[in-house]
Amino acid sequence: MNQWKTTIPKQSENQYGLPKLYLCQILALDVTYGYRYTYNIGFITKENKWNLDGKSEFINVVRYMDIDCSETTNQLLKDIERVDIK
């Protein structure tokens, strides 16, 4: 079972050399809604910061959760068959 975490994880890569992705809960401030939570997929940059931070001074990642999924070729083929994409 995944749980929300608040510490910044170390930058890491998946099996394909791409950044490991996390589900991020973001505290945002905007003119229309005031403070609100939004959710986005993010990763840790080489500077050990969230790629989502810095897009605006009114956006801050407050929690994150690991994304558990199989990214193997076998799983990809099974998913393609399941949704009947040819």
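A quick note: this is a predicted structure, and the numbers were derived from the prediction, not measured. Any value given below was found using the heavy atoms of this structure, including those in side chains, with hydrogens, waters and symmetry copies removed.
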* Check Gly42 against Asn51 and note the closest heavy-atom contact, atom names and distance. =>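 Distance-wise, the nearest heavy atoms are CA-OD1, 3.3 Å.
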* **For the student: nearest non-hydrogen atoms of Trp50 and Pro9, plus distance** =>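 Taking Trp50 first and Pro9 second, the nearest heavy atoms are CZ2-CD, 3.7 Å.
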* To do: Would you please classify the geometry between the Tyr22 ring and the Tyr64 ring as parallel, tilted or perpendicular, with 30° and 60° separating the classes?
  =>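 Perpendicular.
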Linking I/L/V/M/F/W/Y whenever any side-chain heavy atoms sit under 4.5 Å apart, do [X] and [Y] land together?
{"X": "Phe58", "Y": "Tyr35", "value": "yes"}
{"X": "Val61", "Y": "Leu23", "value": "no"}
{"X": "Leu29", "Y": "Val62", "value": "yes"}

Out of curiosity, [X] [atom1] to [Y] [atom2], how far, rounded to the nearest 0.5 Å?
{"X": "Met65", "Y": "Gln3", "atom1": "CE", "atom2": "CD", "answer": "8.0 Å"}
{"X": "Arg63", "Y": "Lys5", "atom1": "CZ", "atom2": "NZ", "answer": "14.0 Å"}
{"X": "Asp53", "Y": "Asn60", "atom1": "CG", "atom2": "CG", "answer": "5.0 Å"}
{"X": "Glu81", "Y": "Leu76", "atom1": "CD", "atom2": "CG", "answer": "10.0 Å"}

* Stepwise side-chain contact (heavy atoms from CB on, under 4.5 Å) test for Lys10 and Ile44 -> CA-CA 7 Å; Lys10 292 184 179 181; Ile44 299 297; over 6 Å; no
* **Donor-acceptor under 3.5 Å (Asp66 side chain, Asp68 main chain)** =>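 Not confirmed, Asp66 side chain does not pair with Asp68 backbone.
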* Asked: Between Asn74 (side chain) and Leu77 (backbone), is there a donor-acceptor pair under 3.5 Å?
  ->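 Not at all, since once roles are kept as given, no pair shorter than 3.5 Å links the two residues.
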* To do: Show the numbers, then the answer: is there a side-chain contact (heavy atoms from CB on, under 4.5 Å) between Tyr39 and Ile26?
  => CA-CA 6 Å; Tyr39 298 87; Ile26 300 164; over 6 Å; no
* To do: Please check if any side-chain donor atom of Tyr37 sits under 3.5 Å from a side-chain acceptor atom of Gln25, or the reverse.
  =>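 No pair is found: no donor N or O on one side chain lies under 3.5 Å from an acceptor on the other.
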* **Chi angles and distances behind the side-chain contact (heavy atoms from CB on, under 4.5 Å) call for Ile67, Ile41** => CA-CA 9 Å; Ile67 299 174; Ile41 303 298; 3.7 Å; yes
